[in-house]
Amino acid sequence: MELSKNYLPTPIESKWYEHWLSNNYFASTPDNREPYTVVIPPPNVTGVLHMGHCLNNTIQDILIRRARMRGKNACWVPGTDHASIATEAKVVAMLRERGITKSSLSREEFLAYAWEWKEKYGGIILQQLRKIGCSLDWDRTSFTMDPDYYQSVIQVFNDLYKKGHIYRGKRMINWDVRAKTALSDEEVIFKEVQSKLYFINYDLEEGGSITIATVRPETILGDAAICVNPNDERYKHLHGKFAFVPLIKRKVKIIPDEYVTLDFGTGALKVTPAHDMNDYQLGQKYQLEIIDTMNDDGTMSQAAQLYIGEERFEVRKKIVADLTSAGHINKIEEYTNQVGFSERTDVVVEPRLSLQWWVSMKDLATPALSAVMNDEIHFHPAKFKNLYRHWMENIKDWCISRQLWWGHRIPAWYTLDGTFAVASNAEEALTQLKIATKNNELSLTDIRQDDDCLDTWFSSWLWPFEVFKGLSDPGNKEVNYYYPTNTLVTAPEIIFFWVARMIMAGFEFKQEQPFKDVYFTGIVRDKQGRKMSKSLGNSPDLLGLIDVYGADAVRFGIMIASPAGNDILFDESALEQGRNFNNKLWNALKLVKMWEARIATAEESAHSNFVTIADETEGFAINWFENRLNKVAKEVDDLLSQFKLNEALKTVYSLIWDDFCSWYLEWVKPGFEQPIDAAIYHKTVNYFERLMEILHPFMPFITEEIYHLLKDQNDDLCVKQFQPISTPNEVILHSGEILKQVITALRDARNKNQIKPKDLIQLYIQTPNSSSYQSIESILKKQINAHSISYTNSAVNNTILVNVEKDKFYIEAERQLDTVAMKAGLLKDLAYEQNFLVSVMKKLNNEKFVANAKPDVIVLERKKQSDAEARIKTIEESLQGI
RNA sequence: GGGAGCAUAGCUCAGUUGGUUUAGAGCAUCUGCCUUACAAGCAGAGGGUCCGCGGUUCGAACCCGUGUGCUCCCACCA
């Protein structure tokens, strides 16, 4: 079979993904193996695959594939999140394009469109995950609004309500006065605008006046107090005194509170609890009256007393004029501030108080905090523990109602007079309401369900157990087997939104932690360190990149650039490195396939010049690489156990590229058009297979392909089990390192002396233990292009001298020697060694060091000393010879 | 404003409890090679005041203090 010049990923990737799927390799069912479970952080149904997903899911796939190859029952659950805000916005936009406004539709009609949208676009991202090779158990695909899941969310709401953890409370929301709807924070766009800061005099009850500063003079009609900093000397005498709101003469108290900054405006703040978040909190603290001076369309209400029914910005102009004529305007300054605008209608957003549903978090947070602090749940990297602790210790209550239709509708029903009941369904609510209102005549048509739906996170916090129907079918076989899950892989930005809440939900509803390890990925940024965003247009087209470089190269590129716990600066050059690595593997395969065609016959093997595995030299190469393989396999395994995926990949990369390709294959490579010993060939194939095993979790496609091309296989790498790792022989490994060092030093000498690569040299070795070199002679010859190697007891004249450790090497070539350069090189080496010796002797001559340092440290320093002395002696001898 | 984190080669990062490190890797750079798997390659090399200052210690990239610069999260200021 003819192999292509370069590796061509596309057909190979689709071939193997189909093959794995048709063999059900990704499907998991409970059995007697140990489970390894990962639930995907469900992407939004609106999502299309971007770099963040790619990183996140590549990591999960590496963990899952490794677990599968380690004999675990690996189960990776896919799914999507209904993402109420994002999806509703998409659906509204789609309707707008069709000329339909949301307000013209009933809830049922709107939801029909939303489901239509979800069915059409909601699965795109899951399809895209197949492209990057994710080995997800597709039979388990879940959705946060599946019928059972939906019911569990409702049940959780009821449960928390019964336990007294859910309550109703006021909250300031973003109100769009044109669309007459609440906006989510994401839908508010802050723009810098040129405003005016008005300084307004309020008359004091005891005479005189106090001046406050505001950019919204129309809201003074809702003022309930004036607040000053308690440490502000200017106002200390006014604490507890009264002032009058201009125009309407409402009497308001002057209260001291730390909230007020001394150096802004006049240091005196008007407090308007109905129209400002912070003022609302001050109002709560001091039990101030809440005067809502605005209607839902942005006009002034009855409570304003003045300008009733007039539009807010008109009122601003009028009230400034009226205040001026009444002599209350002290001054007006230009002022630049940030003002929120509605994404939908571009009108200025009005903060408005409304009644919302809340979860009290203190009790839920307690077990969730200690689980992480006691490392029952391990955070990787651990630095996120601090952040988590700080947030959990200062946890605020969670507002769970959203003014949206797409989501889990809040299971609360109201009578006309506002009496409400929380229940699983309308019938149950009716029963409760009949009792509450003492009205047995009440019917289903008299009660109305809450219009709002629940925060998306109120469903996704159940994800780790509800994907196994842990609540809808409690104690079922699956949840008992797979829960708690093993590893959660997610971005640190949702540590509070999602991770913390899943931990709370796990303890609250399953009495058990949801996962054992949490791996926080970095944020994917562009080359300049900017976050990837649609508006910057700096997110690359991932599917396009996969087409160009192949999925394995994309996986490689993103992982090699992704240090644990740090953000990744994405650069296409990393993908090139991945593609080049693919080619390297492919070419190594081609070399081995060439050998396959030239395996030595019995006669050839009997030939006296033929090298076999039994020869010392080839035996050394085989022996060395086998040990090297075991050594590095263990390192990789340890790194992966510590979730250092990026270091693990670097280590495998270097094992394959440097140790296997650059050293080992060159060492065992037969001479030009020579056959290869069968035993060496089979060993090589076996090593190559093991390398493919180790690399498979990172680059599944090419490794599977090479695994099958190497020889006929009756299994697939995807489900193969890792071969056991034997303990490496450090002595052999060390000899290998010395050999590499000698080869490199001699090649360097060739380079520096401008000996052409093709020119053969004659090498003389001066060493006390020539036997150690005799066993590697033919490798050495091949690697430095020498026609012969001999041993000597004294310096060889007219040669290039190279020192490695205590041994001397003389290169004889048909070239004029540059003794000046050679001497300079040796002097440089000598200076380095002498300086090194000085630093060692400084320690050893220090009595305090000898008295205080650990004995093994001193032994070490003494060895450094003798080694350095020996090297200096060698160099000095060499210098004398020049 | 409150909190968290980071600072080591041109870039991205390793560097385990302070001592085999006058500091390692990959990428980039430079030199020489179209050598019979691979020029998307091979061989080799150069490159660092471990952010500044002070301290602890026999010994500091590592521990402590301080200054500077950057990043993120939360609240965003009338």
Side-chain angles (χ1 to χ4, degrees), chain A residues 3 5-7 190 197 212-216 219 227 259-261 264-266 268-272 276-279 335 337-338 383-384 386-391 394 396 492-493 495-496 523 525 527 529 531 560-569 571 573-574 576-577 579-595 642 644 646-647 650-651 653-654 661-662 665-666 669 671-673 743-745 747-752 754-758 783 785 832 835-836 838-840 842-843 846-854 856-861 863-864 867:
Chain A
L3 295 174
K5 181 172 185 301
N6 285 332
Y7 175 65
F190 282 91
L197 190 60
I212 60 91
T214 180
V215 289
R216 300 197 57 193
T219 63
C227 193
Y259 169 71
V260 182
T261 11
F264 186 89
T266 60
L269 170 78
K270 73 187 207 59
V271 184
T272 322
D276 183 283
M277 191 60 196
N278 294 303
D279 290 12
Y335 183 61
N337 64 342
Q338 302 267 44
K383 69 180 178 187
F384 288 112
N386 270 339
L387 196 69
Y388 179 84
R389 188 189 64 217
H390 186 259
W391 192 75
N394 299 289
K396 300 210 174 73
E493 28 191 15
I495 185 167
F496 309 129
I523 297 165
R525 300 170 178 283
K527 219 173 158 180
K531 236 168 148 166
I560 206 79
S562 177
N566 280 319
D567 288 354
I568 98 157
L569 299 187
D571 184 351
S573 71
E576 275 174 39
Q577 201 189 341
R579 178 198 57 189
N580 297 351
F581 187 37
N582 275 336
N583 275 332
K584 189 70 186 176
L585 292 167
W586 191 246
N587 280 302
L589 174 73
K590 280 179 10 195
L591 178 65
V592 174
K593 294 313 276 185
M594 279 174 59
W595 294 352
Q642 297 165 59
K644 294 182 176 174
N646 141 285
E647 279 180 69
K650 281 181 180 174
T651 308
Y653 174 78
S654 151
C661 293
S662 298
L665 287 179
E666 295 297 336
K669 191 192 248 180
F672 184 48
E673 294 195 334
I743 291 169
T744 303
R747 282 170 170 173
D748 185 30
R750 287 185 59 123
N751 251 333
K752 289 216 166 92
Q754 292 159 338
I755 298 171
K756 293 267 176 245
K758 279 182 187 161
Q783 294 281 279
N785 201 19
Y832 178 91
N835 281 334
F836 178 72
V838 166
S839 78
V840 173
K842 230 185 247 172
K843 288 187 203 174
N846 182 334
E847 279 171 35
K848 284 183 181 169
F849 170 76
V850 179
N852 292 317
K854 278 178 279 179
D856 46 332
V857 173
I858 296 170
V859 170
L860 208 68
E861 292 298 322
K863 182 164 190 314
K864 278 194 207 169
D867 287 352

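Note on naming: letters A, B, ... go to the chains in the order of the sequence lines (proteins, then strands), and numbering restarts at 1 for each one. Here the structure is a predicted model, which means the values were calculated and not measured.
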Name the nucleic acid region contacted by [X], choosing base, sugar-phosphate or nothing; use a 4.0 angstrom heavy-atom cut-off, strictly under.
X        : result
A:Asn278 : sugar-phosphate
A:Ser662 : sugar-phosphate
A:Cys227 : nothing
A:Tyr335 : sugar-phosphate
A:Asp748 : sugar-phosphate
A:Thr744 : sugar-phosphate
A:Lys864 : sugar-phosphate
A:Asp567 : sugar-phosphate
A:Asn583 : base
A:Glu647 : sugar-phosphate
A:Asn846 : sugar-phosphate

Stepwise side-chain contact (heavy atoms from CB on, under 4.5 Å) check, A:Lys270 with A:Thr219
CA-CA 9 Å; A:Lys270 73 187 207 59; A:Thr219 63; 2.7 Å; yes
side-chain contact (heavy atoms from CB on, under 4.5 Å) evaluation trace for A:Ile495 with A:Trp391
CA-CA 10 Å; A:Ile495 185 167; A:Trp391 192 75; over 6 Å; no
How far, in whole Å, is [M] from [N] if one measures between their [atom1] atoms?
N     : M     : atom1 : value
B:C63 : B:U8  : P     : 15 Å
B:C51 : B:G46 : P     : 24 Å
B:C13 : B:A75 : C1'   : 34 Å
B:G69 : B:C58 : P     : 35 Å
B:G19 : B:C62 : C1'   : 12 Å
B:U16 : B:C33 : P     : 42 Å
B:G1  : B:C64 : P     : 25 Å
B:U49 : B:G2  : P     : 36 Å

Steps toward salt bridge (Lys or Arg N to Asp or Glu O under 4.0 Å) verdict (A:Lys650, A:Glu647)
CA-CA 5 Å; A:Lys650 281 181 180 174; A:Glu647 279 180 69; over 6 Å; no
Mind checking side-chain hydrogen bond (donor to acceptor under 3.5 Å, both in side chains) for A:Asp571 and listing every partner two or more places apart, or none if nothing turns up?
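side-chain hydrogen bond (donor to acceptor under 3.5 Å, both in side chains) list for A:Asp571, sorted by chain: A:Ser573.
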Separation between CG of A:Leu589 and NZ of A:Lys584, rounded to the nearest 0.5 Å:
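Taking CG in A:Leu589 and NZ in A:Lys584, the distance rounds to 13.0 Å.
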For [X], what residues pass the ring pair (Phe, Tyr, Trp, His ring centres under 6.0 Å) criterion, not counting sequence neighbours?
X        : value
A:Tyr7   : A:Trp586
A:Trp595 : none
A:Tyr335 : A:Phe264

Look at the side chain of A:Asp748 and the backbone N and O of A:Thr744, then say whether any donor-acceptor pair between them is shorter than 3.5 Å.
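Side chain of A:Asp748 to backbone of A:Thr744: no pair is present.
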Given 3.5 Å as the limit, does a donor-acceptor pair link the side chain of A:Asn587 with the main chain of A:Asn583, or not?
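Yes, A:Asn587 side chain to A:Asn583 backbone: donor-acceptor pair under 3.5 Å.
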On RNA chain B, which is the earliest and which the latest nucleotide, 5' to 3', with an atom closer than 4.0 Å to a heavy atom of chain A?
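First-to-last contact on RNA chain B, by the 4.0 Å heavy-atom rule, is B:G3 to B:A78.
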Where does RNA chain B pair, written as one dot-bracket string 5' to 3', with Watson-Crick or G-U pairs under 3.5 Å, ( ) inside the strand, [ ] for crossing pairs and | for another strand?
(((((((..((((.....[....)))).(((((.......))))).....(((((..]....))))))))))))....
